[in-house]
Number of protein chains: 2
Amino acid sequence: MKDVARVAGVSPMTVSRVVSGEPGVSPGTAARVEQAVRKLGYQRNDNARNLRQKNLGTSTIALVVDDLANPFYALMARSVEDEAHRRGYVVLVGSTNDEPRREREVIAAFTARQVDGLIIVPTKGGHGFLKQPMEGGTQVVCVDRPAKGLAVDTVTVDNRAGAERAVAHLLGHGHTRIAYLGDRYDIWTQRERHLGYLDALAAHGLPEDPDLVRHGLRSHREARAALAGLRALDRPPTALFTSNDLITLGVLDGLDHPAPVAIVGFDDLPLAERLSPPLTVVSQDPVAIGGTAANLLFARIGGDRSAPRSVVLLTRLLVRGSGEFRAETTTEHPGHQR
Amino acid sequence: MKDVARVAGVSPMTVSRVVSGEPGVSPGTAARVEQAVRKLGYQRNDNARNLRQKNLGTSTIALVVDDLANPFYALMARSVEDEAHRRGYVVLVGSTNDEPRREREVIAAFTARQVDGLIIVPTKGGHGFLKQPMEGGTQVVCVDRPAKGLAVDTVTVDNRAGAERAVAHLLGHGHTRIAYLGDRYDIWTQRERHLGYLDALAAHGLPEDPDLVRHGLRSHREARAALAGLRALDRPPTALFTSNDLITLGVLDGLDHPAPVAIVGFDDLPLAERLSPPLTVVSQDPVAIGGTAANLLFARIGGDRSAPRSVVLLTRLLVRGSGEFRAETTTEHPGHQR
DNA sequence: ATGAAAGCGCTAACAC
DNA sequence: GTGTTAGCGCTTTCAT
């Protein structure tokens with residue numbers, strides 16, 4: 001900046017004014033400055049700028065998700081990025097792998113860089129470490145799951161109702177032995193979806209059969225193994241409810257083709273409608289979720305100090321075929337099997 | 001920091017030393033400082049720090065992709081992020097939508113924040129605007145495509161050879177009327193893949209039939225429409241080569257089930273092996289691509305000043321079923337059709 | 001309309 | 001081992 005000032009024959013202050021588009025510079029001077037800027041290829045150092053202007057922010061937000069490679073979070077990230085870009089903000093991203101320790105590290109790196117706001121998919125760990133940055137003015141919004149003990153805007157979907165609808169759908173087709181395959185039980189969405197599963201069973205007067213419930217499936221492989229275990233039971237399930245996309249993929253991989261059991265999965269997948277049978281799913285809208293979270297965050301950054309809001313978006317049951325086998329064909333007439 | 005110094009009864013400089021883990025502070029003083037840090041919930045302002053330490057960088061890199069929501073780039077991003085996290089770096093991300101203007105905006109916002117390095121999927125636009133930041137020490141690596149006129153490390157795959165192998169595979173199954181469906185021709189990968197398509201035809205002594213070549217398909221919908229046009233030809237193609245994942249999805253959507261033509265797609269898709277028939281594809285490894293680009297970038301950031309390298313990773317043809325229909329069934333015995 | 005001085009939060013370089 | 005001074009690149013404030 002000093003160099004530009006020298007070349008243009010003005011003071012650094014005038015360069016600052018021109019570069020930042022502030023008024024009060026004569027057109028002639030401005031032109032000379034702009035020429036010097038182009039000649040030297042000068043670009044303002046925004047970090048230095050943000051250091052001085054304490055009242056304005058850094059025009060940087062951060063997004064902390066479980067796993068950026070997961071298409072669900074990738075879509076959310078893109079949606080957040082678009083909202084940020086519209087407003088002249090940039091986005092830092094980090095994946096936690098659902099590890100509280102990595103979450104802490106990543107968020108600390110972000111707050112140390114003075115981000116104006118944070119959109120996080122919180123892990124099961126505590127979030128006391130957010131208190132100080134929040135008092136310092138950093139805004140926080142939770143997405144996908146609430147953070148225990150953290151009173152901030154939160155965007156989730158109706159996991160429990162969505163899961164209940166899925167399982168009720170299977171019950172409506174005559175199934176009574178419906179397995180639940182879920183990820184780690186310490187993940188809020190998984191607990192909610194399991195509760196929805198139980199709700200549906202209870203509404204039909206059915207008790208939970210522990211043999212049919214598998215928690216903690218962290219991978220494609222584990223989901224596949226759990227399915228094998230279920231099918232080896234004396235009275236195997238005639239229908240499956242898979243509680244996230246990864247588990248759905250694993251289960252599909254372990255089944256014959258076409259699948260001999262009914263399946264409904266939570267989360268839509270590309271190509272789901274091209275499978276045979278097409279996959280029935282409970283779908284949520286990651287773009288809407290990300291966009292909503294971003295809008296809440298920018299409202300806060302813009303000065304909104306109202307009480308924290310919880311926004312619950314709705315899931316939809318997409319009936320396509322895989323959940324509509326009648327139970328009779330596999331259980332009530334065992335003689336017909338194999 | 002001054003507050004911490006006051007509470008601990010030391011000078012700011014001592015706080016700085018403790019907070020940055022520098023030696024030369026007595027254990028007793030360090031303990032008092034750390035206590036004050038905890039009491040006040042102090043966190044160092046890394047932007048201010050980076051301002052002073054000009055020789056060290058900002059420990060921030062940026063990743064600029066076409067579309068973060070595309071699973072291919074999402075996987076790449078996750079891979080880059082992991083490499084960055086291992087080294088204590090954070091990652092800014094931006095999507096360009098393949099628009100040179102947005103690319104410029106996004107990159108300018110990143111360089112203004114003094115990123116140490118940039119991994120970019122370059123658009124077709126010129127990249128002269130990168131010259132100044134690069135002279136200022138910002139390292140740049142291109143990924144997925146080279147940037148015209150930009151001498152930097154570049155990571156790509158063997159697009160041309162991969163496409164040729166795919167089309168040769170179709171030719172090997174007796175097809176002679178093979179359609180090419182591609183994205184915008186101004187995208188380097190699409191030109192390369194089209195060249196590979198021509199290479200394969202030429203090797204079999206076949207000329208290009210312009211009727212069978214469709215460029216510029218930007219969406220699922222456009223791919224579907226292009227397919228309809230191809231099938232309405234007097235002599236429709238018996239096989240299709242789709243030049244990216246989005247086009248493959250659009251084409252699959254427009255076909256009966258099971259597909260009456262042979263298909264090979266560029267880029268793998270989740271569930272591709274669960275389709276009927278399972279989808280034969282040319283697959284590239286986004287995790288390896290992202291990891292390689294990140295390693296090259298960090299080598300540069302670490303001081304490597306050797307001549308720019310071009311790394312070409314290999315694609316693999318995954319034969320699964322959709323590319324192995326014999327051409328005879330649809331063309332040589334027209335009487336059998338319908 | 002322009003510039004001089006001071007300072008954002010931190011640390012390099014030098015004292016003691 | 002600890003503190004002082006100066007200054008990173010920019011902008012606020014106040015003067016001219």
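First the proteins, then the strands, lettered A, B, ... as listed; each starts at 1.
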Next on the checklist: Return whichever of B:A48 or B:S11 has its heavy-atom-nearest nucleotide of DNA chain D closer to the 5' end.
Outcome noted: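 Result: B:S11.
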
Item to check | Whichever of B:G9 and A:S20 has its nearest DNA chain D nucleotide further upstream toward 5' | outcome: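 Whichever sits nearer the 5' end wins; that is B:G9.
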
Without decimals, in angstroms, what is the distance between [X] [atom1] and [N] [atom2]?
X     : N      : atom1 : atom2 : result
A:R52 : C:dC8  : CZ    : P     : 7 Å
B:M1  : C:dA12 : CE    : C1'   : 13 Å
A:Q43 : D:dG9  : CD    : C1'   : 13 Å
A:N55 : D:dT13 : CG    : C1'   : 13 Å
B:L56 : C:dC10 : CG    : P     : 16 Å
B:K54 : C:dA12 : NZ    : P     : 14 Å
A:E22 : D:dT13 : CD    : C1'   : 12 Å
A:D46 : D:dC10 : CG    : C1'   : 10 Å

OP1 or OP2 of [N] less than 4.0 angstrom from a side-chain nitrogen or oxygen of [X], does that happen here?
X     : N      : result
A:Q53 : D:dC10 : no
A:T14 : C:dG3  : yes
B:S16 : C:dT11 : yes

Checklist outcome for this item: Tightest non-hydrogen contact, residues A:R145 and A:D98, listed as NH1-OD1, 3.2 Å

Next on the checklist: Restricting to non-hydrogen atoms, name the atom on A:R32 and the atom on A:G9 that form the minimum distance, rounded to 0.1 Å.
Outcome noted: NH2-O, 4.1 Å

Next on the checklist: Taking the minimum atom-to-atom distance to the side chain of A:T29, which one of C:dA1, D:dT2, D:dG9 wins?
Outcome noted: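 Among the listed nucleotides, the one closest to the side chain of A:T29 is C:dA1.
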
Next on the checklist: What's the closest nucleotide to the side chain of B:V10 if the choices are C:dA1, D:dG3, D:dC10?
Outcome noted: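 Nucleotide nearest to B:V10's side chain: D:dG3.
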
Next on the checklist: For a quick check, tell me whether the side chain of A:R49 and the base of D:dG9 share a donor-acceptor pair closer than 3.5 Å.
Outcome noted: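 Counting by modelled atom types and ignoring angles, no donor-acceptor contact under 3.5 Å is found here.
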
Item to check | C:dG3 base / A:R17 side chain donor-acceptor hit below 3.5 Å | outcome: yes

Checklist entry - Hey, is the main chain of B:N47 close enough, under 3.5 Å, to the side chain of B:N45 for a donor-acceptor pair? => result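 Yes, B:N45 side chain to B:N47 backbone: donor-acceptor pair under 3.5 Å.
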
Checklist entry - Can B:I119 and B:V80 be said to form a side chain to side chain contact (heavy atoms under 4.5 Å, CB included), step by step? => result CA-CA 9 Å; B:I119 296 178; B:V80 168; 3.9 Å; yes

Item to check | Position toward the 5' end of DNA chain C (nearest nucleotide), B:M13 or B:L51 | outcome: B:L51

Next on the checklist: For the CZ atom on A:R101, are there more than 12 heavy atoms of other groups (residues, nucleotides or ligands in this structure) within a distance under 6.0 Å?
Outcome noted: no

